[in-house]
2 protein chains.
Amino acid sequence: MSINYKKPSVMVDIAIFTLHEKTLKVLLVKRGIPPFQDHWALPGGGVRVDQEASIFDKTLEDAAKRELLEETGAKTHYLEQLRTYGSDSRDPREWTVSVAYFALLPYAAIQVQSGSDAADARWWSIKDNRVPVQLAFDHQQILHDAIQRLQAKVEYTAIAVHLLPNAFTLTELQRTYEYLLEAKLDKSSFRRRVHNAGIVKIIPGQFREGSNRPAQLYCFAKKTQKNVFFPRSADRNLG
Amino acid sequence: MSINYKKPSVMVDIAIFTLHEKTLKVLLVKRGIPPFQDHWALPGGGVRVDQEASIFDKTLEDAAKRELLEETGAKTHYLEQLRTYGSDSRDPREWTVSVAYFALLPYAAIQVQSGSDAADARWWSIKDNRVPVQLAFDHQQILHDAIQRLQAKVEYTAIAVHLLPNAFTLTELQRTYEYLLEAKLDKSSFRRRVHNAGIVKIIPGQFREGSNRPAQLYCFAKKTQKNVFFPRSADRNLG
DNA sequence: GTAATAGTGTCTCTTAGACAATATGCC
DNA sequence: GGCATATTGTCTAAGAGACACTATTAC
């Protein structure tokens, strides 16, 4: 090991997801410089390890949070390391390592920042586990892995609440799970499990009003026992 | 992003596990050079990205496989990326990134290789999710995370078979699960679930003999549907 | 026969799915 | 009242836990 060998470049890339208009969306930026100029890519950049420089990341997670803030103007809601990609061929220039993260944000929290080194930035809808453009580098692969991870975690954790606004109804939460799992869930069972898992709290006296019976508003109950949602994996009623 | 910024060093470290004498063990090497000289550490080393050099890794996983082979003399049985650790403080010399992997091997497959850059190498028993020495760098943390991942995966996958020899009895498999989960499992339920999950295959006509009824030998049935073991998470009978 | 471990059958209990029934707002 | 959605209750079915039972070897 060490210090004097030739080094790879190290990037941090983030798949930032939100839910808007009943659709899962991911934030992509258009690259302003080669390679892959004018291709869309996950937001990201090099880890800044020079203590003397104006931008300095103490940890990988700091680098990810910095990118997230730069792109969305939002403080971190949910951020998780996905996995690390590294090879001699993923960047035509040289051996690179990309530490990929994925983030979940409520749509309302975000103000997409154009500018910086990205020529453009916008939300792309996800359909069939992908985005309808060719992405730079191996970012289609990273995005695919991120979606897989999200869906896997939706199965057994309360992770989906991070896509919703602070206050939501149980029906809205159920619709979110149904959408992400691509399955219809039974109303009664869903509510039973949500309550048993203790992942949400009633906001006393707050209701969503409409032309019908008002719905109780709930908020995320932070730190339940391990955030486990389903004591059994959900026997889903596919199709 | 790029190419001309100061770069961190990139290492690959591996937590190599096996099961021997009914104990989970991890392979550690004693460091022959500073920093942390004479401390025990996870096997690992720098990723070799110089195409001209005698050792060249095309991917991160190649680097992990190379380390695994160097330390154990065994070809890869089970290898999975754990997570990536990176900060300015985990190595006193500089900003480093360590891509951590974890590997499972049957004890018999391994021939521990002393020498190379490690002064010494040996198995350490794991007790209370740790090893009874101070480790170099943040390796105690990495080891802890690896054990957590292993235990989490034992809950719902067939991963534990990779710790056993090619042929094993269902009782041996059950004892392994009981040991890793720190729980007593019911024989009947366990066998039912193993059979339903289709994770093992009978080896026709092969039995483990003893001073009692011989036990059918089984082998791992590669590639079951997603390798999921427990349709429900095991309601364990703790204590 | 006994001892010891392998392997099976059956009953119960939990919990998710199905779906009916009730509640509460607006018009 | 009628409509729409929220919320609850009840029955059923799948699967795990408990535990007793049978099977097969060595002695």
Side-chain angles (χ1 to χ4, degrees), chain A residues 22 154-158 164 167-178 181-218 225 228-239, chain B residues 22 154-158 164 167-178 181-218 225 228-239:
Chain A
K22 296 168 190 276
V154 165
E155 290 265 2
Y156 64 96
T157 73
L164 293 176
F168 50 85
T169 68
L170 289 189
T171 302
E172 287 163 1
L173 184 62
Q174 184 178 344
R175 295 284 171 267
T176 303
Y177 272 87
E178 289 179 336
L181 293 171
E182 299 173 61
K184 230 176 156 43
L185 300 175
D186 180 76
K187 185 164 48 168
S188 175
S189 316
F190 182 81
R191 296 167 95 91
R192 194 167 42 206
R193 285 182 305 175
V194 169
H195 281 126
N196 289 345
I199 62 178
V200 297
K201 271 198 322 242
I202 286 178
I203 309 177
Q206 295 231 51
F207 298 88
R208 166 122 331 140
E209 323 245 330
S211 64
N212 46 35
R213 177 171 172 177
Q216 177 67 56
L217 283 172
Y218 289 80
Q225 63 290 358
V228 168
F229 185 18
F230 296 120
R232 287 192 204 182
S233 65
D235 298 351
R236 275 166 304 131
N237 176 21
L238 293 163
Chain B
K22 296 168 191 276
V154 166
E155 291 264 4
Y156 65 97
T157 74
L164 293 176
F168 50 85
T169 68
L170 289 189
T171 303
E172 287 163 1
L173 184 61
Q174 184 179 342
R175 295 283 170 267
T176 303
Y177 271 88
E178 289 179 335
L181 293 171
E182 300 173 62
K184 231 177 155 42
L185 301 175
D186 179 76
K187 183 166 50 166
S188 175
S189 315
F190 182 80
R191 298 166 94 89
R192 195 166 40 203
R193 284 181 303 175
V194 168
H195 281 126
N196 289 344
I199 61 178
V200 297
K201 269 200 321 243
I202 286 179
I203 310 177
Q206 295 231 56
F207 298 89
R208 168 124 325 141
E209 321 246 328
S211 64
N212 45 38
R213 175 171 173 177
Q216 177 66 56
L217 283 173
Y218 290 80
Q225 61 292 357
V228 167
F229 187 15
F230 297 118
R232 286 192 202 182
S233 64
D235 300 350
R236 276 165 303 135
N237 176 21
L238 293 162

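A, B, ... follow the sequence lines: proteins, then strands. Residue 1 opens every chain.
Taking the side chain as every heavy atom from C-beta outward, A:D186 and A:R192 never approach each other to under 4.5 Å. Using a 4.5 Å heavy-atom cutoff, the side chains of A:L164 and A:R175 are not in contact. Using a 4.5 Å cut-off on side-chain heavy atoms (C-beta onward), B:T176 and B:F168 make no contact.
Whole-Å rounding puts the A:F190 CZ to D:dT7 P distance at 12 Å. At whole-Å resolution of the value, CD1 in B:I202 and C1' in C:dG7 are 11 Å apart. For the pair B:Y177 OH and D:dG17 P, the computed distance is 14 Å after rounding to whole Å. Rounded to an integer number of Å, the gap from NE2 of A:H195 to C1' of C:dT15 is 17 Å. In this entry the distance linking CG of A:L185 with P of C:dC19 reads 15 Å, nearest Å. Atom CD of A:Q174 is separated from atom P of D:dA6 by 9 Å (rounded to the nearest Å). Between the CD atom of B:E172 and the P atom of C:dT5 there is a distance of 13 Å, rounded to whole Å. The CZ atom of A:R191 sits 16 Å away from the C1' atom of C:dG17 (whole-angstrom rounding).
Distance check: A:L185 CG to A:Q174 CD gives 5.5 Å after rounding to the nearest 0.5 Å.
Counting only heavy atoms from C-beta on, A:D186 has its side chain closest to C:dA18 among C:dA18, D:dG17, C:dA6. When the nucleotides C:dA18, D:dA16, D:dA6 are ranked by their closest atom to the side chain of A:S188, C:dA18 comes out on top. Nearest nucleotide to the A:Q216 side chain, out of C:dA18, D:dT7, D:dA16: D:dT7.
Residue-level contact check: A:T171 touches the backbone only, with heavy atoms under 4.0 Å from sugar-phosphate atoms and none from bases.
Taking each heavy atom of B:Q216 and B:Q206 in turn, the nearest pair found is NE2-O, 3.3 Å. Nearest heavy-atom pair, B:V200 versus B:Y218, reported as atom, atom and distance to 0.1 Å: CG2-CD2, 3.6 Å.
Contacts of B:R208 classified as side chain to side chain donor-acceptor pair (under 3.5 Å), with partners at least two apart in sequence or in another chain: B:E172.
Heavy-atom nearest nucleotides on DNA chain C were determined for B:R192 and for B:K187, and the one closer to the 5' end corresponds to B:K187. Residues A:S189 and B:F207 both approach DNA chain C. Their nearest nucleotides, taken by heavy-atom distance, put B:F207 toward the 5′ side.
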Are any protein N/O atoms closer than 3.5 Å to N/O atoms in nucleotides 25-27 of chain C? If there are, list each pair with its distance.
residue, atom, partner, partner atom, Å
C:dG25, N2, A:S211, O, 3.3

